[in-house]
Amino acid sequence: MANISMLDLQNLRHLIGGFDTTHCKMQAYAEQATDPALKKFFQQSAQSAMDSKQKLMQFLK
């Protein structure tokens with residue numbers, strides 16, 4: 001994918017940053033949660049955000 005436009009790069013950067021922020025927030029919520037089901041939900045959400053971030057980062061390689 002050698003011909004990626006500047007707009008596409010900016011969009012990728014924005015999306016990657018958003019998923020990174022989401023990951024950090026979900027991790028923090030999981031650490032604070034006392035209910036096991038809620039803790040699991042936040043942990044899964046954090047992992048999903050990280051997976052999405054990593055998939056998007058593949059476009060930059």
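One is the number of the first residue; the rest follow in order along the sequence.
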Quick one: CD on Gln43 to CD on Gln27, what's the gap to the nearest 0.5 Å? 7.0 Å

Any chance you could measure Thr21, atom OG1, to His23, atom NE2, to the nearest 0.5 Å? 11.0 Å

Taking only residues two or more places apart in sequence, or in another chain, which ones meet Tyr29 in a ring pair (Phe, Tyr, Trp, His ring centres under 6.0 Å)? Phe42

Do the side chains of Leu60 and Met6 join up, straight or via other hydrophobic residues, at under 4.5 Å, putting them in one cluster? yes

So which pairs with a foot in residues 27-49 pass salt bridge (Lys or Arg N to Asp or Glu O under 4.0 Å), sequence neighbours left out? none

At what distance, to the nearest 0.5 angstrom, does NZ of Lys55 lie from CG of Leu15? 14.0 Å

So does Gln44 get a backbone contact from the side chain of Ser48, meaning a donor-acceptor N/O pair under 3.5 Å? no

To check you understand the geometry: which heavy-atom pair defines the closest contact between Ala33 and Leu38, and what is its length? CB-C, 4.4 Å

Here the gap from Ile4 atom CD1 to Leu12 atom CG, rounded to the nearest 0.5 Å, amounts to 5.0 Å

One should read off an interatomic distance between Met50 CE and Ser45 OG, to the nearest 0.5 angstrom, of 13.5 Å

For a side chain to side chain contact (heavy atoms under 4.5 Å, CB included) check, start with the C-alpha distance between Gln54 and Asp51, then their side-chain angles and the critical distance, and finish with the verdict. CA-CA 5 Å; Gln54 290 174 341; Asp51 292 346; 4.2 Å; yes

Salt bridge (Lys or Arg N to Asp or Glu O under 4.0 Å) against Asp20, all qualifying residues, sequence neighbours excluded: Lys53

Just verifying a value: how many Å separate Leu9 CG and Ile16 CD1, rounded to the nearest 0.5 Å? 9.5 Å

